[in-house]
Amino acid sequence: MTAQNLPGRPHIAYRGDTLYIENVRLADLARAHGTPLFVYSKSAMLGALAAYQRGFAGRKAQICYAMKANSSLAILQLFARAGCGFDIVSGGELERVLAAGGEPGKIIFSGVGKTRAEMRQALETGIGCFNVESEAELDVLDEVARAMGKRAPVSIRVNPNVDAKTHPYISTGLKGNKFGIAHERTLATYQRAAALPGLQVVGIDCHIGSQITQESPYLDAMDRVLDLVDAIEAAGIRLHHIDFGGGLGIDYNGDTPPAADALWARLLAKLDARGYGDRQLMIEPGRSLVGNAGVCLTEVLYLKPGEQKNFCIVDAAMNDLPRPAMYEAYHQIVPLSVRAGNTSIWDLVGPICESGDWLGRDRALNLQPGDVLAVLSAGAYCMSMASNYNTRGRAAEVLVDGDQVHMIRQRESAADTFRHEKLL
Ligand SMILES: *Cc1c(COP(=O)(O)O)cnc(C)c1O
């Protein structure tokens, strides 16, 4: 086995047989901080953001990082300092992003199930916009805002009924999904919203899915949304901004999503052609800003060769890396030090008492107990989805900046996991 480059991840690379993130040897981090350990590259995150910023150069555009992808405080702080707004989906995320220095006016609030308490909290904070997902939610938001003597800025999330061509669990823009208002109901819903005194209509919004690797669903969704903008404005309701959501995919396993700047060159050309080029734009990228900036380091505990399968048991599990168990997702898994010699085929599994607790299947690796492996593309929807199942404390996180290492989250202890519990 020989070391190879890792396409799509310029900040994570072998030098000789040793894997580095920026200028830091990953093996040194595993030794210093233990495993499982999440490690992020600051320049990979800022580089991913820069691709969007280049795409929007000279335009009125606000990038709102969809913080559910990775909501660790230092990462939010990094994006806030870089000028990002945030797309939140709960009152908890609102508190979290404010703690990290997010600007209230640049926060948009998505989600199908906002509670009255969350609406009040967001109105008190003075967020930029509520992305409303149903007619019933409009009425409740109107009532809550009026009771506070306020007008809630709203955008309605429309469901353009386009197929994002991604995994069914992360496709959100089709008729059968729980998200947004049906295309046919959109105009009537805007007319209703415009008549409610507690609401101020400010925009329109869509988000068609996640891990989208083709341009065409975006182009189709934009056409469908702009048709609606035509109709809504013809009815006398002015839309200050248009929000095209997030969803751009990353390279997990040879996937070839368009680059953010190339995608936006195509989308902006369409926007210009349809006469909306000077409108305030918003986007809500999550995965594409952080996914390939992170790895999860895990140590090989035991090798368990068998008649049908060879199992390699590692110290990271589905509570740390839930995507394979949830979506049968693929993460590349590579050694921190490449060892010469023959590979065998392994299923990499965690210690949790579930057959669904696997990280990778049928991987050709030359392994020994004590080796440390890097699970790639672990920056998005891993730590933010991590749980304490099996009373496993959540992993530690470090952020690498050149040759500097910042500890951004301490490893959770067992005592941390039951701190709020009470004996009888
Ligand atoms: C999850 C989500 C996003 C971000 O999706 P990515 O695929 O991570 O870019 C954006 N907008 C909304 C409403 C979401 O729910």
Side-chain angles (χ1 to χ4, degrees), residues 45 48-49 51-52 55 62-72 75-76 79 84-90 92-94 97 106-114 118 122 127-134 137 154-160 162 164-174 177-181 203-215 217-218 221 225 241-252 255 257-260 263-264 267 281-294 322-323 326-327 329 377-385:
M45 291 185 189
L49 177 63
Y52 283 101
Q62 177 64 55
I63 299 167
C64 292
Y65 169 51
M67 64 179 279
K68 72 179 189 291
N70 188 319
S71 53
S72 298
I75 289 170
L76 301 179
F79 285 120
C84 287
F86 296 89
D87 177 40
I88 64 168
V89 291
S90 72
E93 285 196 344
L94 178 54
V97 75
K106 292 185 185 171
I107 294 172
I108 55 181
F109 192 172
S110 302
V112 295
K114 303 175 193 79
E118 287 175 322
I127 67 161
C129 186
F130 290 83
N131 287 349
V132 173
E133 302 227 17
S134 65
E137 183 189 337
V154 298
S155 173
I156 291 174
R157 176 167 176 182
V158 301
N159 185 333
V162 300
K165 303 195 173 71
T166 183
H167 189 286
Y169 281 12
I170 50 176
S171 174
T172 57
L174 274 172
N177 296 126
K178 69 177 176 181
F179 299 100
I181 303 262
I204 188 167
D205 146 63
C206 78
H207 170 70
I208 57 174
S210 198
Q211 185 52 19
I212 301 168
T213 54
Q214 297 176 31
E215 255 176 27
Y218 279 106
V225 170
H241 75 246
I242 309 178
D243 177 345
F244 290 102
L248 182 58
I250 61 169
D251 178 1
Y252 282 103
D255 308 289
L263 173 67
W264 275 96
L267 288 168
L281 303 175
M282 313 249 270
I283 53 163
E284 307 163 354
R287 187 191 313 272
S288 54
L289 292 182
V290 293
N292 268 337
R323 300 184 62 260
M326 277 184 76
Y327 320 114
S377 309
Y381 302 108
C382 293
M383 181 49 101
S384 59
M385 284 186 169

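The structure displayed is predicted, hence computed values, not measured ones. Order of listing sets the numbers, starting from 1, for every ligand and every atom in it.
Nearest heavy atom pair, residue Y52 against residue S288, reads OH-OG, 2.7 Å.
Here the side chain of D87 pairs no donor or acceptor atom with the backbone of C64 at under 3.5 angstrom. A donor-acceptor pair is defined here as one N or O able to donate and one able to accept, closer than 3.5 Å; no such pair exists between the side chain of N131 and the backbone of R157. Side chain of S384 to main chain of A69: a donor-acceptor pair is present (N/O by atom type, distance under 3.5 Å, no hydrogens or angles).
Protein residues having a heavy atom under 4.0 Å from any atom of ligand 1 are A66, K68, D87, S110, R157, H207, S210, G246, G247, E284, P285, G286, R287, Y381, listed by chain and number.
A cation-pi arrangement is absent between K114 and F130 under the rule of less than 6.0 angstrom and at most 45 degrees off the ring axis.
Aromatic ring pairs are classed by plane angle as parallel below 30°, tilted from 30° to 60° and perpendicular above 60°; the pair Y65 and F86 is perpendicular.
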